[in-house]
Every structure is written in C-alpha cells, then in structure tokens.
Number of protein chains: 2
Amino acid sequence: MFTIADAARRAGCPASTIRYYERVGLLPPAQRGNNGYRYYQSADIERLVFVNRARELGFSIASVVDLLRLADHPLQPCEAVDTLLANQLDSVAGRIRQLCELEARLRRLQAACGGHHQMQDCGILAALSEPDSL
Amino acid sequence: MFTIADAARRAGCPASTIRYYERVGLLPPAQRGNNGYRYYQSADIERLVFVNRARELGFSIASVVDLLRLADHPLQPCEAVDTLLANQLDSVAGRIRQLCELEARLRRLQAACGGHHQMQDCGILAALSEPDSL
DNA sequence: AGTTGACCTTCAACTGACTTTAACGTTCAT
DNA sequence: ATGAACGTTAAAGTCAGTTGAAGGTCAACT
C-alpha cells in the first residue's frame with residue numbers, strides 16, 4: 001500500500017499528474033482509505049510506469065489509452081501496437097524535418113545580419129518584413 | 001482598405017488569428033468602419049506579415065512583441081535582435097536534439113517487436129512496462 | 001495533550017496559441 | 001427580397017498538465 005507521494009516517487013512524476021491521469025480516465029479510480037487518501041498497489045504503479053514511459057516517448061494521452069486497452073488483451077495479435085508505434089515514429093520524424101528546415105531558415109536569417117549596425121539596416125528585420133526568401 | 005478576410009488572405013492566416021493577435025496586444029486595434037468592421041491598410045498588413053513570419057520561425061508571441069518593439073526603433077543598435085535570434089536558434093537546436101533521441105528510442109522499441117505475435121509476447125508492451133533500457 | 005510539519009483532499013483557475021461555436025448584424029448579387 | 005457570404009462579440013474548447021487556495025489528516029516530538 002503506497003500513498004500517492006510514494007507512487008509519484010516510484011513513477012517519477014508529480015502527484016498532481018497522477019490525480020490528473022485519474023481525472024481524465026487514463027488511470028482507474030484509486031482505492032481510497034477511510035481518510036479519503038488514495039492508496040496504490042504494485043500493479044497500479046506498474047500501470048502508472050507504463051503510462052509515464054509512453055508519455056515520455058511522446059504518445060498522446062489518447063494513444064496511451066489505446067495502448068493500455070491493447071495491453072489488457074494479451075491474446076489478441078499485436079499489430080495494432082505496431083501501428084501506433086509506427087504512427088508515432090512518423091509524427092516524430094515529421095516534426096524533426098520541420099524543425100531542421102526551421103533551423104536552416106534561422107541560420108540564413110542570422111547570416112543576414114553581419115554585426116554592429118542600426119535597426120534600420122538590420123537584414124534580420126528586413127527579411128521578416130519583406131521577402132519570401134528565407 | 002482591406003477587410004479582415006483580405007488581410008487574412010494576404011498574410012496567409014485565418015481571420016480568427018488576426019482578431020486573436022489584436023486581442024492579446026500583438027497588433028494595435030484596427031480601424032473600424034461604421035458597421036463595426038475592421039479595415040486594414042498596407043502598413044497594417046506589413047506588420048501582420050512580419051508577425052506571421054516570426055511565428056512561422058517559432059518565435060513566441062512574447063518574442064514577437066519584443067521584435068516589433070525593436071523594429072520600431074530604427075536608430076538603435078540591432079544587437080538585441082541578434083540575441084533574440086540566437087536564443088531562438090538554440091531552442092530549436094535543443095528541440096531537434098531531444099526529438100532525435102526520441103526517434104532513436106522509438107526505433108529501438110520498434111525493433112523489439114518482430115512481427116506477428118500476441119500482445120502477451122509483444123516486446124513493445126514489455127519494454128513499456130518494464131525496464132530502463134530504451 | 002499539544003503542536004509542528006509533512007502529507008492528503010477538492011475545486012478552480014492558469015498556461016500558449018490559437019480554434020470553434022453560438023448568436024447575431026451587414027453587404028451584395030440575383 | 002432573399003440567401004450566401006461576409007462581419008461582430010463573448011465564451012468555451014484544445015492539450016497536458018501545473019499552481020493555488022482552503023481545508024482535513026497523520027506521525028513524531030516535546
């Protein structure tokens with residue numbers, strides 16, 4: 001029997017996040033003591049760890065709900081898991097591509113400003129105002 | 001004189017976004033017609049384009065406010081602009097690094113699931129539940 | 001027994017950068 | 001004159017939590 005602070009320590013997230021996960025249905029309602037406190041068992045904490053790992057990997061709350069539902073059916077084929085993972089990889093790869101292009105544009109922009117001059121001569125501000133060339 | 005829809009077309013953003021920018025003080029209150037409609041002039045649209053470019057480059061609303069204030073003082077030195085840009089580049093580079101590590105972890109996770117098997121044998125779900133090794 | 005300090009509870013509001021919705025007014029072409 | 005396509009506002013929704021207020025509980029120490 002662990003308090004919410006114990007669970008938080010073990011899962012490596014704030015207690016407020018655990019309450020939030022319960023509130024949005026990502027975790028089932030916790031057992032309660034006579035004092036109203038939440039108490040957790042090892043199995044509950046494993047589920048919480050699962051959730052936190054998946055979140056760290058960038059899965060949305062909705063996807064984690066899906067993953068948990070899938071994990072609860074041990075005899076089903078696991079293709080749906082593969083699919084979720086592949087989608088997540090695609091979306092991460094896409095964001096990386098976008099950010100790399102962004103980085104390149106920022107570097108080009110940086111090159112437009114040699115150094116010490118006035119705002120009115122700043123290539124950065126000019127490029128932000130005018131052209132389509134960054 | 002352009003309506004908000006004209007301005008939106010020219011700036012490449014939804015009209016709702018323009019209203020939002022005005023509401024949060026990123027744009028000055030627009031001129032109004034007798035009907036209450038907003039009307040924009042070329043200079044207003046230039047400012048809006050500036051804002052949208054900066055937002056596309058990932059600058060926060062607060063940073064765009066700074067950039068605009070800087071751009072409004074043409075005789076000041078432009079080092080502050082350089083600094084804002086350098087910070088933005090740092091933060092983008094940092095996000096890229098994080099996402100690349102995330103991508104690598106997702107790929108390792110993907111390798112844990114060969115293909116057709118049941119949930120209970122799925123290396124993906126196992127890795128999410130158990131170890132620190134991804 | 002009292003008190004301190006660390007824990008627990010709920011509910012509401014805040015974050016960023018918008019988007020969406022509802023309910024209503026205007027303009028224009030047919 | 002009527003309908004589509006525009007405009008207005010305020011409020012709520014999005015995502016994934018975090019923060020704060022106001023209060024109840026528990027364990028240890030004096």
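Naming convention: chains lettered A, B, ... in sequence-line order (proteins, then strands); numbering from 1 in each chain.
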Task: Side chain to side chain, Pro77(A) and Gln118(B), heavy atoms closer than 4.5 Å - done: no

Task: Verify same cluster id: Tyr37(B), Ile4(B) (apolar side-chain graph, 4.5 Å) - done: no

- [ ] Round to a whole Å and report the spacing from CD1 of Ile18(A) to C1' of dC8(C).
- [x] 13 Å

TODO: Go through dC8(C), dT9(D), dT19(C) for me and flag the one nearest to the Arg19(B) side chain.
DONE: dT9(D)

Task: For atom CZ of Arg32(A) and atom C1' of dC7(C), their distance in whole Å - done: 15 Å

Show the distances under 3.5 angstrom between N or O atoms of the protein and N or O atoms of nucleotides 13-16 of chain D.
residue	atom	partner	partner atom	Å
dA16(D)	OP1	Ile61(A)	N	3.4
dA16(D)	O3'	Arg55(A)	NH2	3.2

Side-chain donor-acceptor pairs under 3.5 Å in residues 88-103 of chain B, sequence neighbours left out?
residue	atom	partner	partner atom	Å
Gln88(B)	NE2	Leu57(B)	O	3.1
Gln88(B)	NE2	Gly58(B)	O	3.1
Glu103(B)	OE2	Arg107(B)	NH2	3.1

Task: Phosphate contact (dC6(D) OP1 or OP2) by Thr3(B) side-chain N/O below 4.0 Å - done: no

Task: Linked, directly or transitively: Ile18(A) and Val49(A) (ILVMFWY side chains, under 4.5 Å) - done: yes

Task: Side-chain touch Phe2(A)/Arg10(A), heavy atoms, less than 4.5 angstrom - done: yes

Task: Rounded distance (Å) that lies between atom P of dC6(D) and atom CZ of Phe2(B) - done: 17 Å

TODO: May I have the distance from Asn34(B) (atom CG) to dT27(C) (atom P), rounded to whole angstrom?
DONE: 9 Å

Open item on the list: Can you work out whether Ala15(A) or Pro14(B) has the more 5'-proximal nearest nucleotide on DNA chain C?
Closed with: Ala15(A)

- [ ] May I have the distance from Arg23(A) (atom CZ) to dT10(C) (atom P), rounded to whole angstrom?
- [x] 10 Å

TODO: Consider the side chain of Arg38(B), meaning its heavy atoms from C-beta on, and name the nucleotide among dT8(D), dT25(D), dT18(D) that approaches it most closely.
DONE: dT8(D)

Task: Salt-bridge present (Arg69(A), Asp72(A); N to O < 4.0 Å) - done: no

- [ ] Provide, to the nearest angstrom, the distance between the CD1 atom belonging to Ile4(B) and the P atom belonging to dT26(C).
- [x] 17 Å

Open item on the list: It should be established whether Ser16(A) places a side-chain nitrogen or oxygen under 4.0 Å from OP1 or OP2 of nucleotide dT18(D).
Closed with: yes

- [ ] Check the distance between dG17(D)'s C1' and Asn52(A)'s CG and give it to me in whole angstrom.
- [x] 12 Å

Open item on the list: Let me spell it out: for each of Asn35(B) and Asn35(A), pick the nucleotide of DNA chain D with the closest heavy atom. Which residue's pick is nearer the 5' end?
Closed with: Asn35(B)

Open item on the list: Please determine whether the number of non-hydrogen atoms from other residues, nucleotides or ligands lying under 6.0 Å from atom CZ of Arg55(A) exceeds 12.
Closed with: yes

Task: Sugar-phosphate only, base, or nothing, as touched by Thr17(A) at under 4.0 Å among non-hydrogen atoms - done: sugar-phosphate

Open item on the list: Rounded to whole Å, how long is the line connecting atom OH of Tyr39(B) with atom C1' of dT8(D)?
Closed with: 12 Å

